[in-house]
Amino acid sequence: MTPSHFIFVAGYIYDEERLVRAQEICQALLERQVWLIWRETPYQRDYRVGDRILFYLARSGKCEFAATAELASEPEPASQNEVEVGKSL
């Protein structure tokens, strides 16, 4: 079957203490070979092993493509470790 193509977007996150930039989020997640998707993420039911992913950084004044990847597994609930990674960003 022909793979589908998707764009995963990383933007900035403000928390009470600091600004976490798109580049930092993307780098931290890709180093762990994981990407966190939200319940509202479009098309997540369509993700299949082998699909191609393009990672896009949405930043103020400069937007760019950061990386490409092939989806290695079907979406699954985040492990506690992955949840902690997300919280640590």
Side-chain angles (χ1 to χ4, degrees):
M1 181 155 84
T2 303
S4 294
H5 295 79
F6 298 97
I7 297 175
F8 288 2
V9 177
Y12 60 86
I13 299 172
Y14 278 111
D15 69 14
E16 295 175 5
E17 299 176 14
R18 68 185 185 115
L19 168 69
V20 184
R21 300 188 185 286
Q23 179 68 29
E24 184 180 349
I25 294 167
C26 189
Q27 182 177 349
L29 294 176
L30 292 179
E31 283 175 357
R32 292 165 177 83
Q33 297 183 0
V34 65
W35 196 260
L36 303 175
I37 58 174
W38 304 107
R39 206 170 300 149
E40 298 82 18
T41 299
Y43 306 110
Q44 62 182 287
R45 292 187 181 118
D46 298 329
Y47 300 162
R48 300 288 178 256
V49 172
D51 285 348
R52 300 295 300 162
I53 309 299
L54 180 63
F55 296 92
Y56 177 79
L57 304 180
R59 303 188 290 181
S60 178
K62 182 179 180 186
C63 298
E64 63 185 334
F65 297 110
T68 61
E70 185 175 304
L71 199 61
S73 66
E74 302 283 329
E76 56 190 51
S79 68
Q80 187 59 37
N81 183 48
E82 292 164 343
V83 169
E84 292 305 317
V85 168
K87 288 179 179 179
S88 73
L89 296 175

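When all heavy atoms of A58 and C63 are compared, the pair lying nearest together is CA-SG, 4.1 Å. Residues C26 and A10 approach most closely at CB-CB, 4.4 Å, considering heavy atoms. The two residues R32 and A28 have their closest heavy-atom pair at NH1-O, 2.7 Å. The heavy-atom pair separating Q44 from P75 by the smallest distance is O-CG, 3.8 Å. Across V49 and S73, no two heavy atoms sit closer than the pair CG2-CA, 3.7 Å.
Take S4 and apply the side chain to side chain contact (heavy atoms under 4.5 Å, CB included) test, not counting sequence neighbours, and it matches F6, D51. Shown here are the side chain to side chain donor-acceptor pair (under 3.5 Å) partners of E17, two or more places apart in sequence or in another chain: there are none. With sequence neighbours excluded, no residue forms a salt bridge (charged side-chain N to carboxylate O under 4.0 Å, His left out) with E40. Checked against side chain to side chain donor-acceptor pair (under 3.5 Å), Q27 has the following partners two or more places apart in sequence or in another chain: E31. Remark: E74 pairs with R48 by the side chain to side chain donor-acceptor pair (under 3.5 Å) rule, at least two apart or across chains.
Y12 and L57 fall into different hydrophobic clusters, where Ile, Leu, Val, Met, Phe, Trp and Tyr residues are linked whenever their side-chain heavy atoms come under 4.5 Å apart, directly or through other members.
Annotation for F65: hydrophobic cluster partners, listed by chain and number, are I7, V9, L54, Y56 (ILVMFWY side-chain heavy atoms under 4.5 Å, direct or chained).
Within 6.0 Å of the CD atom in E70, the count of heavy atoms belonging to other residues, nucleotides or ligands exceeds 12.
Classification of the Y47-F8 ring pair by plane angle, with boundaries at 30° and 60°, yields tilted.
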